[in-house]
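One structure is given here, and the rest of the page talks about it.
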Amino acid sequence: MRDPAPSQPQALVVDRLSDRLAALLCAQIEGGTLQAGDRLPTEQQLASSHGVSRTVVREAVHQLKSKALVQSRQGSGVFVAPPPQNQPLAFDPAVLTSVQAVVHVVEVRRVLEGEIAALAAERATRSQIAALRRALKAIDIAVAEGRDGVAEDLAFHRVIGESTGNPQFRLLLGFLEQYLREGMRITRGNEARRTDFMAAVQQEHRAIFEAIAAHDPVAARLHANEHLIRGEQRLVEGGIIDGRRRKAAAKVARSAAVRKTKH
């Protein structure tokens with residue numbers, strides 16, 4: 001077992017120091033600089049080496065513990081944990097730094113939502129359809145009251161996931177929510193500036209609901225995909241997404257229109 005001293009310490013001078021320190025230590029573990037069984041430097045050593053407080057160090061180490069990257073040993077210190085057999089799902093935190101990056105998560109969601117809606121249309125029970133109707137109404141109420149409706153929008157899609165009868169979809173959508181929430185606030189804020197945007201969103205939600213209620217998986221898949229594609233188009237029209245995304249969104253929209261005519 002080795003007890004390495006940190007080489008070439010880096011001073012951290014940016015916001016959210018605990019996050020940055022955690023990312024640095026995580027990179028050392030994943031890169032092999034710190035290996036399973038290695039003891040981390042003490043709180044005082046890390047604080048001194050990186051120019052931060054011991055509170056920042058404790059917060060950073062707590063993050064590593066929450067990811068099962070390190071473990072405490074009573075009276076001995078904190079050690080790098082053996083690699084877990086099952087890696088937890090996680091996205092690069094950079095997806096939270098800009099709308100452009102959040103769009104990447106939206107693309108992941110687009111791949112999933114169509115099939116989730118199709119399965120929901122095949123399997124939804126009467127009580128789940130009733131829950132979807134209530135979730136849809138909650139969005140309309142939020143809009144009427146001048147709220148952004150983000151929580152209600154997410155809840156609507158969450159109920160669709162639950163209507164598949166597969167609990168893994170509910171968990172997966174719940175995971176994505178943490179990366180989508182801020183992006184959706186921007187999206188809903190953009191849509192709130194234009195009544196035609198808001199009307200289109202409500203119509204798209206209603207089309208998804210009606211397809212699921214009618215147990216029509218083909219229509220449910222189509223409307224769910226169109227909803228996400230058009231959401232990206234609205235960001236383009238609102239000037240939130242840059243020109244490169246504008247061309248990509250237009251191409252996807254044209255493809256969707258062609259598919260719709262075939263149905």
Side-chain angles (χ1 to χ4, degrees), residues 19 22-23 26 29-30 62-71 81-97 99 101-139 142 148-188 201 204-205 207-209 211-213 215-217 219-229 231-232:
D19 292 347
C26 181
I29 292 171
E30 293 177 347
H62 176 73
Q63 289 188 38
L64 297 182
K65 288 180 180 178
S66 69
K67 296 177 181 178
L69 292 175
V70 299
Q71 51 193 203
Q85 290 184 339
N86 300 307
Q87 293 287 346
L89 179 62
F91 285 163
D92 184 342
V95 300
L96 295 172
T97 61
V99 176
V102 169
V103 168
H104 294 164
V105 184
V106 173
E107 289 178 346
V108 173
R109 181 184 171 196
R110 186 196 303 154
V111 172
L112 298 168
E113 290 274 5
E115 295 309 310
I116 290 174
L119 287 174
E122 292 176 357
R123 303 172 179 174
T125 64
R126 291 178 64 180
S127 62
Q128 288 169 334
I129 291 173
L132 270 174
R133 185 180 288 107
R134 290 193 296 271
L136 185 63
K137 185 176 181 180
I139 298 175
D148 62 19
V150 170
E152 291 80 7
D153 194 323
L154 288 170
F156 174 71
H157 290 279
R158 199 181 310 127
V159 175
I160 294 176
E162 292 170 355
S163 298
T164 65
N166 184 338
Q168 304 309 320
F169 284 128
R170 176 180 55 80
L171 295 173
L172 184 56
L173 291 175
F175 167 79
L176 289 176
E177 282 183 15
Q178 64 185 308
Y179 298 99
L180 289 167
R181 194 174 298 275
E182 189 58 36
M184 285 187 67
R185 286 196 180 96
I186 295 171
T187 300
R188 301 286 299 197
V201 172
E204 289 160 21
H205 280 150
I208 296 170
F209 164 73
I212 293 174
H215 297 289
D216 186 341
R221 180 185 295 110
L222 176 65
H223 291 310
N225 286 335
E226 285 184 340
H227 173 52
L228 293 175
I229 291 168
E232 186 169 333

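Because the structure is a prediction, the values reported are computed rather than measured.
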Kindly indicate whether the side chain of [X], heavy atoms from C-beta on, has any atom under 4.5 Å from the side chain of [Y].
X	Y	result
Val201	Ile139	no
Gln63	Leu69	no
Ile116	Leu172	no
His223	Glu204	no
His227	His157	yes
Val70	Ile29	yes
Ile160	Phe209	no

So, for [X] and [Y], which heavy atoms are closest and what is the spacing to 0.1 Å?
X	Y	answer
Ala138	Glu152	O-CG, 3.7 Å
Ala117	Ile212	O-CG1, 3.9 Å
Ala121	Ala211	CB-O, 4.1 Å
Ala68	Ala81	O-CB, 3.6 Å
His205	Leu136	CB-CD1, 3.5 Å
Leu173	Glu113	CD2-OE2, 3.9 Å

_Main-chain N/O of Gln128 paired with Glu162 side-chain donor or acceptor, under 3.5 Å_ =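 Side chain of Glu162 to backbone of Gln128, a donor-acceptor pair under 3.5 Å: no, none is there.
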*asked:* Main chain of Thr164, side chain of Arg123: is a donor-acceptor contact present, judged purely on distance under 3.5 Å?
replied: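 Here the side-chain-to-backbone pair exists.
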*Test side-chain contact (heavy atoms from CB on, under 4.5 Å) on Leu119 and Asn166 and set out the steps.*
CA-CA 9 Å; Leu119 287 174; Asn166 184 338; over 6 Å; no
*Is the number of heavy atoms from other residues, nucleotides or ligands under 6.0 Å of His215 NE2 greater than 12?*
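Yes - once you tally the heavy atoms of other residues, nucleotides and ligands closer than 6.0 Å, there are more than 12.
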*Rounded distance (nearest 0.5 Å) linking atom CG of Leu112 with atom CG of Asn225*: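 Leu112 atom CG to Asn225 atom CG measures 10.5 Å (nearest 0.5 Å).
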